[in-house]
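Heads up: the structure comes next, in structure tokens.
Only heavy atoms go into these numbers, but all of them, side chains included; no hydrogens, no water, no symmetry mates.
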There are 2 protein chains.
Amino acid sequence: MQGVTVTPVDAILERARVSPATLYAHFGNKEGLITQALQRRLSAWDRTWQQCIDAADTPEEKVLAVFDALAQHRRSLHPSRWCVFLGVTAEAPSRGPELEDILAGDTRLLADRLGELAAGLVGAGRSENLAQHLVLVYTGVLGMILRGADADTAIADGRRIAAITVSAFGTADA
Amino acid sequence: MQGVTVTPVDAILERARVSPATLYAHFGNKEGLITQALQRRLSAWDRTWQQCIDAADTPEEKVLAVFDALAQHRRSLHPSRWCVFLGVTAEAPSRGPELEDILAGDTRLLADRLGELAAGLVGAGRSENLAQHLVLVYTGVLGMILRGADADTAIADGRRIAAITVSAFGTADA
DNA sequence: GTCTATACAAAGATAGAC
DNA sequence: GTCTATCTTTGTATAGAC
């Protein structure tokens, strides 16, 4: 596996057993293909995460469900190295607005949904702040995978850190 | 700013105001240039971090000094987007052993030094485990910067999460 | 809708002179 | 050591037929 942007179109064509003309007829250009692929990925992640939230019992478990969802999401995919959204963000020099929107959409979904879930745990205006902390931990898990760490270990570590953080927010200090 | 691998050699030549032949005479090829540049970066980071550790008073502050070092390191550089080591790791399809070693060296330095510092805080075989947690949080900070978050805010958040985690390790649970 | 063949551009690297 | 000029490869995309 490797970066999306540096992957040549030829490699995709060979894998899909399709001619160039067919690909360009469907997606316009390479960025169009990437954009649509990422839209599908984001939708799949969204569904998996929501299911894990629904399956969790307590409000705290619902917040931490993002880590269970990550483990499950990875199992249902080809073993991609870390996170395709962060990967494309890191590589690409400049992007069109549609792709940019999808990439930001991943971060937005994380912050928004974690913010909603955190609202059930901490008071007033502190839920957004807790959500930012949790996005940081979640992102750290992905980064550890990029660093070559075992994915399951990284996810378990992240879940523990998140639990500690939630607990600290719940008691007293900011 | 953009990914290193996708940056064409021409752009580097123009910025350095040097001809292609000169560059290739010095570095052999593009990867050689990247390798040497990353070696310098790693050394600079190493020094900055060590200085921040030395400046810290308590063992706990020395562990958390990695976040102060990150803030300081960023101020001394062009405002690169996140982390050049993780960036190159994410982009590059396949790399030679020398570059691979430098990239792994960043993670190794983090894990090793944080492990040494953590040994002063927790008992027996738990220092390595705590170090892994701290690398995760540190990596999460970098990832937040990639996501577009304000760097100083992300660093402050990470420092707080790390402090909470260290505290939890110090008391009882794993 | 899909193919083959090919145009066009970008990028990494080198030759040979000074 | 550094330059100008250029070669070669790779990569994105399109033309035109079926």
Nucleic acid contacts - residues 18-31 of chain B versus DNA chain D, non-hydrogen atoms under 4.0 Å =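 The answer is B:V18, B:S19, B:P20, B:A21, B:T22, B:H26.
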Which pairs count as ring pair (Phe, Tyr, Trp, His ring centres under 6.0 Å) when at least one residue sits in residues 21-44 of chain A, sequence neighbours excluded?
->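 Listed by first then second residue: nothing to list.
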Tell me the ring pair (Phe, Tyr, Trp, His ring centres under 6.0 Å) pairs involving residues 44-75 of chain A, sequence neighbours left out?
-> A:W45-A:W49, A:W45-A:H73, A:W45-A:Y138
Taking only residues two or more places apart in sequence or in another chain, which ones pass side-chain contact (heavy atoms from CB on, under 4.5 Å) with A:D152?
-> A:D150
Go through the structure and list residues passing side-chain contact (heavy atoms from CB on, under 4.5 Å) with B:A151, not counting sequence neighbours.
-> B:R74, B:I145
Where does the chain B footprint on DNA chain C start and end, counting 5' to 3' with a 4.0 Å heavy-atom cut-off?
->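 For DNA chain C, the relevant span reads C:dA11 to C:dA15.
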Starting from P on D:dG11, measure out to CD on A:E14 and report it in whole angstrom.
-> 12 Å
How many Å lie between CG on A:L13 and C1' on D:dG11, as a whole number?
->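 Distance, rounded to whole Å: 11 Å.
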So which pairs with a foot in [range] pass salt bridge (Lys or Arg N to Asp or Glu O under 4.0 Å), sequence neighbours left out?
range: residues 2-31 of chain B; result: none
range: residues 134-145 of chain A; result: none
range: residues 61-70 of chain A; result: A:E61-A:R159, A:D68-A:R159
range: residues 99-109 of chain A; result: A:R95-A:E100, A:D101-A:R108, A:D106-B:R147

Taking side chain as C-beta onward, heavy atoms only, is B:L136 less than 4.5 Å from A:R160?
->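 No, too far: nothing below the 4.5 Å cut-off.
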Sort by first number and list every stem of DNA chain D: at least 3 consecutive Watson-Crick or G-U wobble pairs, both distances under 3.5 Å.
-> C:1-18 with D:1-18
Show every donor-acceptor pair shorter than 3.5 Å between a side-chain atom in residues 113-122 of chain B and any protein atom, with sequence neighbours excluded, or say none if there are none.
{"from": "B:R113", "atom 1": "NH1", "to": "B:D46", "atom 2": "O", "distance (Å)": "3.4"}
{"from": "B:R113", "atom 1": "NH1", "to": "B:D46", "atom 2": "OD1", "distance (Å)": "3.1"}
{"from": "B:R113", "atom 1": "NH2", "to": "B:D46", "atom 2": "OD1", "distance (Å)": "2.7"}
{"from": "B:R113", "atom 1": "NH2", "to": "B:Q50", "atom 2": "OE1", "distance (Å)": "3.4"}

